[in-house]
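Worth knowing before you read on, the calculation uses all heavy atoms, side chains too, and leaves out hydrogens, waters and symmetry mates.
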Amino acid sequence: MNIPRLGLVLVVAFSVPGCGPGEQTRTDQPPAEVGGCFTIAGLPIGGCGEDFGYKGAFSAEEAAMRAQARKFDRTVWEGALIGTVAGAAIGVLAGGDAKDAVGGAVLGANLGVIAGAYVAQLQQRYADQEDQLNAMITDVKTSNRETEALISQVRAVIAEDRRRLAAVQERVARGAATNADLLQERGHAWANRRVVEKASQGGQDQYQVFAGATSRFQQQHPGVTTAGLAAELTTYRAKLETLDTLAASMGKA
């Protein structure tokens with residue numbers, strides 16, 4: 001008996017968030033296309049970068065938010081915490097490129113290494129352990145102030161984003177704007193969100209450095225009370241959680 005050969009058909013299921021019938025839109029990812037930028041799993045592709053295809057200018061509030069967010073970039077706060085010389089040295093020790101390490105950029109170093117360099121730098125600057133502790137408290141307080149300022153700016157930008165999105169949606173509904181205009185505005189909002197997400201991640205990394213440095217200090221000085229530092233760290237963690245929550249609310253129509 002001859003058995004007929006069956007051709008094999010390979011079916012590849014490919015889904016993009018928000019595209020399938022009845023599929024719920026992911027709130028943690030942009031739609032499949034925003035501002036002329038195609039995305040897969042929330043990642044922009046096709047060379048459109050982190051502005052998600054948005055071609056317009058940013059407002060004064062958005063510019064202020066971006067300037068504040070840059071303070072949370074690792075290459076910035078690493079230099080502030082451990083200094084240029086220490087940064088270059090630890091960058092080489094951790095396998096980072098010496099050129100990239102200039103200016104305190106400890107590229108390639110893990111957070112534990114940075115925490116150790118931070119504590120060592122404090123010990124070089126201050127012979128007294130109380131002075132070392134107070135310097136750590138001051139640094140965390142500075143981060144708390146910077147995070148609070150960023151939170152305020154993010155809230156202002158969120159209000160702007162929502163006003164613009166609502167206005168464009170209303171114009172599209174009455175035929176005064178196109179879907180391309182709406183995609184541009186959504187790209188605009190997602191560009192703002194990505195700025196906040198990156199700042200939040202940088203802040204979380206810095207928090208881990210502070211927490212690691214605290215543990216090292218406690219091990220070296222078991223009799224010294226670090227309650228004040230712990231309180232500032234708790235405040236910092238809470239502010240970073242607020243920043244995360246705000247980021248998750250951005251980019252929604």
Side-chain angles (χ1 to χ4, degrees), residues 49-50 58 62-154 194-220 226 228-230 232-237 239-244 247:
E50 294 192 339
F58 293 105
E62 290 168 323
M65 182 187 75
R66 281 162 169 75
Q68 186 68 16
R70 279 193 289 273
K71 297 179 182 180
F72 293 84
D73 186 278
R74 276 187 59 172
T75 61
V76 174
W77 59 255
E78 283 170 2
L81 290 184
I82 63 180
T84 301
V85 175
I90 204 67
V92 173
L93 288 174
D97 185 90
K99 179 180 179 181
D100 289 333
V102 173
V106 193
L107 302 181
N110 64 37
L111 299 179
V113 171
I114 299 169
Y118 174 49
V119 172
Q121 184 259 5
L122 291 176
Q123 291 171 340
Q124 290 176 352
R125 287 172 55 194
Y126 306 103
D128 185 79
Q129 60 192 27
E130 291 290 343
D131 290 338
Q132 295 169 20
L133 178 60
N134 288 333
M136 292 174 67
I137 292 173
T138 297
D139 286 340
V140 181
K141 283 184 175 179
T142 297
S143 294
N144 275 321
R145 287 194 300 269
E146 290 176 346
T147 309
E148 187 62 38
L150 180 58
I151 286 171
S152 178
Q153 289 161 341
V154 170
R194 190 51 51 93
V195 169
V196 181
E197 288 175 337
K198 290 179 67 177
S200 179
Q201 183 58 60
Q204 291 168 26
D205 287 347
Q206 189 189 65
Y207 172 85
Q208 293 300 324
V209 168
F210 284 138
T214 300
S215 296
R216 288 171 184 264
F217 183 87
Q218 290 171 330
Q219 291 170 1
Q220 295 171 2
T226 58
L229 177 58
E232 289 297 330
L233 280 173
T234 297
T235 299
Y236 190 24
R237 183 173 58 194
K239 290 183 185 300
L240 290 172
E241 289 173 355
T242 297
L243 195 61
D244 257 350

- Item | Residues which pass side chain to side chain donor-acceptor pair (under 3.5 Å) with Lys141, listed by chain and number, not counting sequence neighbours | none
- Item | Set of residues satisfying salt bridge (Lys or Arg N to Asp or Glu O under 4.0 Å) with respect to Lys239, sequence neighbours excluded | Glu148
- Going from CD1 on Ile137 to OG1 on Thr142, what distance comes out if it is rounded to the nearest 0.5 angstrom? 12.0 Å
- What's the shortest heavy-atom distance between Tyr118 and Ala213, and which atoms? CD2-CB, 3.6 Å
- Query: Taking atom CE of Met65 and atom CZ of Arg70, what is their separation to the nearest 0.5 Å?
  - Reply: 10.5 Å
- Item | Gap separating the CE atom of Met136 from the OG1 atom of Thr226, nearest 0.5 angstrom | 8.5 Å
- Got a donor-acceptor contact below 3.5 angstrom from the Gln68 side chain to the Glu146 backbone? yes
- Note on the structure: Shortest non-hydrogen pair, Phe58 vs Glu62, comes out as CA-OE1, 3.1 Å
- Note on the structure: Distance col, row Arg216:CZ vs Leu122:CG, nearest 0.5 angstrom, shows 12.0 Å
- Do Gln201 and Asp205 meet the criterion of a side-chain donor-acceptor pair at a distance under 3.5 Å? yes
- Query: What distance separates Ile82 CD1 from Glu78 CD, expressed to the nearest 0.5 Å?
  - Reply: 6.0 Å
- Message: Determine whether a donor-acceptor pair (N or O, by modelled atom type, separation under 3.5 Å) exists between the side chain of Trp77 and the backbone of Gly202.
- Response: yes
- Query: Is a donor on one side and an acceptor on the other found under 3.5 Å between the side chain of Asn144 and the backbone of Glu232?
  - Reply: yes
- So, for Asn110 and Val113, which heavy atoms are closest and what is the spacing to 0.1 Å? OD1-N, 2.7 Å
- Item | Short side-chain to backbone donor-acceptor contact, Gln132 and Tyr126, under 3.5 Å | yes
- Message: Tell me every residue that passes side chain to side chain contact (heavy atoms under 4.5 Å, CB included) with Gln208, counting only those two or more places apart in sequence or in another chain.
- Response: Leu111
- Query: Can you check whether Phe210's main-chain N or O pairs, donor with acceptor, with Thr214's side chain at less than 3.5 Å?
  - Reply: yes
- Between Val195 and Ala69, which heavy-atom pair has the shortest distance, and what is it? CG1-CB, 3.7 Å
- Specify the closest pair of heavy atoms between Ser143 and Tyr236, including all atoms of both residues, with the distance to one decimal. CB-CZ, 3.7 Å
- Query: Hey, are the side chains of Leu229 and Phe217 touching, using non-hydrogen atoms and a 4.5 Å cut-off?
  - Reply: no
- Query: Would you call Leu81 and Val209 a side-chain contact if the rule is heavy atoms closer than 4.5 Å?
  - Reply: yes
- How far does CZ of Phe72 sit from CG of Leu150, to the nearest 0.5 angstrom? 5.0 Å
- Message: To check you understand the geometry: which heavy-atom pair defines the closest contact between Glu197 and Ala247, and what is its length?
- Response: CG-CB, 4.1 Å
